[in-house]
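Take a look at the structure below.
Values below: every heavy atom of this structure, side chains too, minus hydrogens, waters and symmetry copies.
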Amino acid sequence: MQERLNAPPEILNQRREIVEHPFGSITQWMNQGAFLMKGLDRVRAEFSLTALGYNLRRALNIVGVEELMAAVTA
């Protein structure tokens, strides 16, 4: 395992930049430390709502409210 970690360090850096940032943001911004529901279907639904909120927040920050509302009504 150590050989795999040492071989391509840029892959791990890329993973940290792309994958772990949304989960850290969700944990910190939305206080989503642990799931409140039990059962796979309910946990999936809970995370889907959390991901939807995260994606909407990102869209608002990137595009802006006016442009997003214009895209939704079009």
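Residue L56 is found in a hydrophobic cluster whose other members, listed by chain and number, are L52; membership requires side-chain heavy atoms under 4.5 Å apart, directly or through intermediates. In the hydrophobic clustering, L49 connects to no other residue, as no ILVMFWY side-chain heavy atoms lie under 4.5 Å from its own. L60 belongs to a hydrophobic cluster whose other members, connected by ILVMFWY side-chain contacts under 4.5 Å either directly or through intermediates, are V65, L68, M69.
Other residues, nucleotides and ligands contribute at most 12 non-hydrogen atoms within 6.0 Å of the CD atom of Q14.
E66 pairs by the side-chain contact (heavy atoms from CB on, under 4.5 Å) definition with nothing, not counting sequence neighbours. Contacts of R42 classified as side-chain contact (heavy atoms from CB on, under 4.5 Å), with partners at least two apart in sequence or in another chain: M37. Take F23 and apply the side-chain contact (heavy atoms from CB on, under 4.5 Å) test, not counting sequence neighbours, and it matches V19, F47.
Within the structure, the side-chain hydrogen bond (donor to acceptor under 3.5 Å, both in side chains) test picks out the following pairs touching residues 46-59 (sequence neighbours left out): Q32-E46, Q32-T50.
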